[in-house]
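Numbering of ligands and ligand atoms starts at 1, following listing order. Basis for what follows: all heavy atoms, side chains included, without hydrogens, waters or symmetry-related copies.
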Amino acid sequence: MRAYDILLRKRQGNELSPEEIKWLVDGYTKGAIPDYQMAAWAMAVFFQGMSPAETAALTMAMADSGPRLDLSAIPGIKVDKHSTGGVGDKTTLVLAPLVAAAGVPVAKLSGRGLGHTGGTIDKLESIPGFRAELPTAQFLRIVREIGVAVASATESLAPADKKLYALRDATATVESIPLIAASILSKKIAGGADAIVFDVKCGLGAFMVDEGEGRTLARLLVESCRKAGRHACALLTSMDQPLGRTIGNALEVQEAIATLKGQGPKDLRELCLALGSEMLYLAGKAATPEEGQGILARLLDSGAALAKMVQWFKAQGGDPQVIDDPELLPQPTTVVQVKASQPGYVTALNARELALVVMALGAGRATKDDPIDPTAGIVLAKKTGDYVETGEVLATLQNRGTIDQDKVHRVERSFQIGDRPGPKPLILERIPANSNPSA
Ligand code: URA
């Protein structure tokens, strides 16, 4: 095979064979195919697209470009959950112990935040003592013993994706739906998932702003999973406003704990029950997602999921006392309120702008080794659909440094106030599992 011929065939709009795709990916990973040829191929894919079969082949080639995590020592169907990234998205912190409490093993690899959305690992590391960098043997032992562990993904997981993503980032080829689907899926498969529930977010605060593109990605993810022999389902969810009422690492841990105590925001609970019920269904623990919702609601209300969170934090070295006393989480030294300058309903909330302010407060990093302030964040007193009087608090900004007026004004301008409430539904569509794996 010659890289030139493969590029030409793709540029002309032909479907590549799985062998051609594997040859290209393996050659690129080893350094035998140079960046300029791979970049040309990515651009050809950007314009010509890829069929579901090509997407599945790319997924498997990238998943196999490094060692896969072998979860076979953990009994049961391992169902992973993947969110395409949103603002204030702390669902993993709630779902991991909740789903584990229902007997579904959770062996989850997560990332740190880069860009405008936060990372689960940064959130967990705001818990005093919590260790996310776990050797594989310890990670697997914790899952076997207590049913749940969340660790930082290692560098060796799907190295072809890492290399290709960096190339796409530099060549304006990130926004290709099949390349995105293969990138996401390759890491899930390399991480050992038997089945996957996708939370594909769309809206201002999401990676995919456009709802139609989000729907296309969600469908392609489910279809490519089927072709790759994995059961999957997706929820298309709105990310116009942040999820829950907090954005920022320690704040989000606190909100996840409150949710497991039955005191969290309604939207976060709704999404966790919806995603978790799909996980139970794919794991064969519920005959239908509706039955799964009932099981999970009981585990939340009985405190069983909270008890699992205590076990989980302890197993990874985290101080479980933070669950009873959230004051033990890192605390800010500066807190500034943002007040409404007119009365009315909050008609829209700019999630992306709020996320950028949270980053600027110290919660995010521009490069992967930057230190972060775990206390930096925003608490939203009002969300879309709420009524606000002039002078009432809209939001509170916090960190361990200074907070200038520019950030206060940016947050104030993120709230649109009008004369009618207008909240959009959170769950826009369910792209169902192709079949019940336990059937
Ligand atoms: N997230 C990923 O993991 N890969 C992409 O290509 C885009 C978003």
Quiz item: Going by the order shown, which atoms of ligand 1 are within less than 4.0 Å of some heavy atom of F207?
Solution: 7 (C), 8 (C)

Quiz item: S183 heavy atoms, cut-off 4.0 Å: which ligand 1 atoms fall inside?
Solution: 2 (C), 3 (O), 4 (N), 5 (C), 6 (O)

Exercise. Can you sort out which atoms of ligand 1 are near K187, meaning under 4.0 Å from one of its heavy atoms?
Key: 2 (C), 3 (O), 4 (N)

Self-check item: R9 with E15: basic N within carboxylate O range, under 4.0 Å
Solution: no

Quiz item: Is a side-chain donor-acceptor pair under 3.5 Å present for T92 with K108?
Solution: no

Quiz item: Taking only heavy atoms of R168, which atoms of ligand 1 are found under 4.0 Å from at least one of them?
Solution: 6 (O)

Quiz item: Would you say the side-chain atoms of S238 and K201 include a donor-acceptor pair closer than 3.5 Å?
Solution: no

Practice problem: Give the residue, atom name and distance (to 0.1 Å) of the protein heavy atom nearest atom 1 (N) of ligand 1. | Solution: I184 CG1, 4.0 Å

Quiz item: Are the side chain of S176 and the backbone N or O of T173 linked by a donor-acceptor pair below 3.5 Å?
Solution: no

Quiz item: Within less than 4.0 angstrom of ligand 1, does I180 place any heavy atom?
Solution: yes

Quiz item: Would you say the side-chain atoms of K314 and Q311 include a donor-acceptor pair closer than 3.5 Å?
Solution: no

